[in-house]
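See below for the structure under consideration.
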Amino acid sequence: MADIINPENEGDLQSQIEEVEALSSIYGDDWCVIDEASRIFCIKISSDLEEPKLTACLQIILPPEYPSAAPPIYQINAAWLRGPERAKLANSLEDLYVEHVGESILYLWVEQIREFLVEKSQNSETGDLQEKVNMTAEDEVDDDDDDDDEDIPDFRTLKMNTENAHLFMDPANDEEVPPIKHGNTITDRRSTFQPHLAPVVTPRQVKMVLEKLYENKKIASATHNIYAYRIYCEDKHSFLQDCEDDGETAAGGRLLHLLQILDVRNVMVVVSRWYGGILLGPDRFKHINNCARNILVEEGYTASSDEATRSGAKTKRPKSKKTK
């Protein structure tokens, strides 16, 4: 039944078709259709300034209820974009959506991102920043023989979140920041990895945890802060889940996959990596997942499959039941 178009969404589908045609006409070759049937698209956005020039790739899924009752599902790929700047851009897109609920929003989003790039490109440090990016995330992907496809956008991760993704935060602002646990570090060839974990039950809490972590200058200065979260919605018997690579291509999707395999819920895990100047190849993904698994075990979130089924929507497995 999931493949049958709901008659109630026919108006939304027609609006999507018209919007896509308009965007294709406006942006030409920069607009790319990834999967027409699944409504997956991508657009390359760049600053208008000749020197220096920054680019970002906006990946989009249009859910059946867009634009009348749901926002687009999106992911911004830009190795130089992380931390507070990423949060600032995401907040600006959220504000635009809230201002134009029920309307086609993609053109406004694209131009908002473009304005952000122009502003960023005017910063005198941009050239150094771009050079630094080329020496870290991108070169690492290019030099890893075992990961030749790592520089290809991971649309599978984006598509996986179509049914359950929740882009924007709840309007209530009286929630407290969940307690954050910091795990043991793993060091390999001068690169250091450290996991952080927090219980979350709303997307707003995910945002709050990230903002709290970025208040720590050491964490904010990490080369990558990869994260993933899963929130169980008891009334819908489904999950809100999402992930972020933060410049480490495909790392967020791998981390979310780990959370799914372990059947953990109502939790987010962030793994910080400080790059030490030596390429690690695929070992970096092993360290990221090992960090995440270790802190999940330490905090009692892992359980057997049977126990996970019985636990339903429990926020956390009791520590006395954690696996060895």
Side-chain angles (χ1 to χ4, degrees), residues 82-84 86-87 136-137 140 150 154 157 177-203 205-232 239-276 278 280-303 308 314-319 321-324:
R82 57 173 63 96
R86 182 178 287 275
T136 56
E140 180 156 346
E150 294 294 342
D154 188 359
T157 299
V177 179
I180 302 174
K181 301 290 185 179
H182 306 282
N184 296 324
T185 61
I186 293 177
T187 301
D188 181 9
R189 285 164 280 180
R190 298 206 301 266
S191 277
T192 299
F193 302 80
Q194 184 180 27
H196 321 280
L197 177 148
V200 292
V201 293
T202 67
Q205 288 184 331
V206 172
K207 179 181 178 181
M208 295 169 71
V209 169
L210 290 172
E211 291 176 344
K212 185 65 176 179
L213 285 173
Y214 282 123
E215 290 178 5
N216 183 303
K217 292 183 179 179
K218 181 179 179 182
I219 294 174
S221 70
T223 312
H224 311 290
N225 282 300
I226 303 113
Y227 73 82
Y229 68 86
R230 298 185 83 214
I231 298 172
Y232 186 74
F239 286 90
L240 297 178
Q241 56 188 10
D242 203 355
C243 60
E244 172 56 49
D245 297 336
D246 194 23
E248 185 69 284
T249 306
R254 293 170 187 245
L255 182 56
L256 178 58
H257 186 57
L258 174 67
L259 301 189
Q260 293 168 333
I261 291 175
L262 296 177
D263 190 35
V264 298
R265 54 197 69 191
N266 298 339
V267 65
M268 74 175 296
V269 176
V270 182
V271 178
S272 302
R273 181 200 178 177
W274 293 268
Y275 178 59
I278 300 176
L280 302 186
D283 284 349
R284 65 193 190 278
F285 298 117
K286 177 183 67 177
H287 296 323
I288 291 167
N289 274 15
N290 283 343
C291 272
R293 182 188 295 271
N294 289 344
I295 198 169
L296 286 166
V297 171
E298 290 167 5
E299 295 302 317
Y301 278 87
T302 58
K314 289 184 178 179
T315 300
K316 183 176 178 179
R317 313 319 195 218
K319 288 193 175 183
K321 295 183 181 180
K322 69 181 180 182
T323 56
K324 297 181 179 179

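These numbers come from a predicted model, not from an experiment. Just so you know, residue 1 is the first one in the sequence shown, and it goes up from there.
- The side-chain heavy atoms of L210 and K207, taken from C-beta on, include no pair separated by under 4.5 Å.
- With values rounded to the nearest 0.5 angstrom, F285 atom CZ is found 11.5 Å from L255 atom CG.
- Side-chain atoms of W274 come within 3.5 Å of backbone atoms of K218 as a donor-acceptor pair (strictly under, hydrogens ignored).
- Expressed to the nearest 0.5 Å, how far CG of L259 lies from CZ of R265 amounts to 12.0 Å.
- Between I180 and L213, some side-chain heavy-atom pair lies under the 4.5 Å cut-off.
- For the pair L256/R230, a side-chain contact is recorded, criterion being any heavy-atom separation below 4.5 Å from C-beta on.
- R86 pairs by the side chain to side chain donor-acceptor pair (under 3.5 Å) definition with E244, not counting sequence neighbours.
- When atom types are taken as modelled, the side chain of T302 and the backbone of L296 share no donor-acceptor pair closer than 3.5 angstrom.
- One finds the CE atom of M268 at 11.0 Å from the SG atom of C243 (value rounded to the nearest 0.5 Å).
- With contacts defined as side-chain heavy-atom distances shorter than 4.5 Å, the pair V269/Y229 does not qualify.
- In this structure, R254 CZ and D245 CG are separated by 10.0 Å, a value rounded to the nearest 0.5 Å.
- A donor-acceptor contact shorter than 3.5 Å is absent between the side chain of E299 and the backbone of I295.
- The backbone N or O of N184 sits nowhere less than 3.5 Å from a side-chain atom of N294 that would complete a donor-acceptor pair.
- Listed for the N225 side chain is a donor-acceptor partner under 3.5 Å among the backbone atoms of I219.
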Solution key, residues 186-196 side-chain donor-acceptor pairs under 3.5 Å, sequence neighbours excluded:
{"from": "T187", "atom 1": "OG1", "to": "T192", "atom 2": "OG1", "distance (Å)": "3.4"}
{"from": "D188", "atom 1": "OD2", "to": "H287", "atom 2": "NE2", "distance (Å)": "2.8"}
{"from": "R189", "atom 1": "NH2", "to": "D283", "atom 2": "OD2", "distance (Å)": "2.9"}
{"from": "R190", "atom 1": "NE", "to": "G276", "atom 2": "O", "distance (Å)": "3.2"}
{"from": "S191", "atom 1": "OG", "to": "R273", "atom 2": "NH2", "distance (Å)": "3.0"}
{"from": "S191", "atom 1": "OG", "to": "G276", "atom 2": "N", "distance (Å)": "3.1"}
{"from": "Q194", "atom 1": "NE2", "to": "G183", "atom 2": "O", "distance (Å)": "3.1"}
{"from": "H196", "atom 1": "ND1", "to": "H182", "atom 2": "ND1", "distance (Å)": "2.9"}
{"from": "H196", "atom 1": "NE2", "to": "S272", "atom 2": "OG", "distance (Å)": "2.8"}

* Asked: Taking it one step at a time, do V270 and I226 satisfy side-chain contact (heavy atoms from CB on, under 4.5 Å)?
  -> CA-CA 6 Å; V270 182; I226 303 113; over 6 Å; no

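- Although no hydrogens or angles enter the test, the distance criterion places a donor-acceptor pair under 3.5 Å between the side chain of R284 and the main chain of G281.
- A distance of 10.5 Å separates CZ of F239 from CD1 of I231, quoted to the nearest 0.5 Å.
- With hydrogens and angles disregarded, no donor-acceptor distance shorter than 3.5 Å links the side chain of N266 to the backbone of P199.
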